[in-house]
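The basis for the numbers below is simple: all heavy atoms, side chains too, and nothing from hydrogens, waters or symmetry mates. Please read these numbers as outputs of a predicted model, since none were measured by experiment. Proteins get letters first, then strands, A, B, ... in listed order; numbering begins at 1 in each.
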Amino acid sequence: MSNNQDFFKRVHAVAKQIPVGRVTSYGAIAKYLGAAKSARIVGYAMNASHGDLSIPAHRVVNRLGLLSGKHHFDGTNLMQQLLESEGVVVKDNKVQNFEDIFWNPTQEL
DNA sequence: CCCGTGACTTCCG
DNA sequence: ACGGAAGCCACGG
């Protein structure tokens with residue numbers, strides 16, 4: 001049993017469950033998975049999920065609602081474009097009403 | 001096996 | 001309130 005590999009799959013599974021128009025943070029996912037200290041690994045997992053189009057990595061931001069991962073997308077503002085296309089208001093790489101549209105897996109799931 | 005890096009978070013000064 | 005440093009886990013070289 002490779003929990004390490006499962007962690008990635010779990011992160012991907014949670015990311016897929018993020019409702020449209022909602023966003024979450026790496027720490028929230030990590031905490032939900034029982035590894036609150038592995039928030040960084042969540043980001044790493046998202047990097048691996050970059051190849052899976054069914055995983056909305058653009059809905060995952062840091063705890064401040066900043067598009068910390070936008071730099072990893074194809075374009076420079078692709079992440080923001082995707083979010084805005086889903087109804088999420090983004091301004092200056094920051095998600096507006098972040099706490100309002102925040103999707104907490106531990107609470108919602 | 002050791003070191004460096006990273007889409008984070010929290011604590012200390 | 002702000003900035004810097006450390007902690008954290010996994011992966012690649």
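As rounded to whole Å, 12 Å separates atom P of C:dA10 from atom CZ of A:Arg10. Between the OH atom of A:Tyr44 and the P atom of C:dC11 there is a distance of 7 Å, given to the nearest Å. Taking atom CE of residue A:Met46 and atom P of nucleotide B:dT5, one finds them 24 Å apart after rounding to whole Å. Counting to the nearest Å, the P atom of B:dA7 and the CG atom of A:Leu83 are 17 Å from each other. In this structure, CG of A:Asp6 is placed 14 Å from C1' of C:dA10, rounded to the nearest angstrom. In this structure, A:Ile55 places its CD1 atom 13 Å from C1' of B:dA7, rounding to the nearest Å. When rounded to the nearest whole Å, the span between CG of A:Asn47 and P of B:dC8 equals 11 Å.
Across all strands, A:Asn62 comes closer than 4.0 Å only to sugar-phosphate atoms, never to a base (heavy-atom distances). Base contact: A:Ala57 has a heavy atom under 4.0 Å from a base atom. Among the heavy atoms of the strands, none lies under 4.0 Å from A:His71.
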Detail all sub-3.5 Å separations between protein N/O atoms and N/O atoms belonging to nucleotides 1-9 of chain C.
unit_1: C:dG7; atom_1: O6; unit_2: A:Arg40; atom_2: NH1; d: 2.7

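Ion pairing between A:Arg22 and A:Glu108 fails under the 4.0 Å rule for side-chain N and carboxylate O.
Closest to the side chain of A:Arg63, out of B:dA7, B:dT10, C:dC11, is B:dT10. Listed nucleotides C:dC11, B:dA7, B:dT9 differ in distance to A:Ala39; the shortest reach to its side chain belongs to B:dT9. The nucleotide whose nearest atom lies closest to any side-chain atom of A:Phe73 is, among B:dC8, B:dA7, C:dA10, B:dA7.
C:dA6 and B:dG4 have their P atoms separated by 14 Å, given to the nearest Å. Nucleotides C:dA5 and B:dT5 have their P atoms positioned 16 Å apart, rounded to a whole Å.
Put simply, NZ on A:Lys91 and CD on A:Gln80 are 10.5 Å apart, with the number rounded to the nearest 0.5 Å.
A:Thr24 places a side-chain N or O within donor-acceptor distance of the main-chain N or O of A:Trp103, the cut-off being under 3.5 Å.
Hydrophobic cluster membership is shared by A:Val11 and A:Ile41, with clusters built from Ile, Leu, Val, Met, Phe, Trp and Tyr side chains linked at under 4.5 angstrom.
Taking all atoms of both residues into account, the shortest heavy-atom contact from A:Arg59 to A:Ile18 is NH1-O, 2.8 Å.
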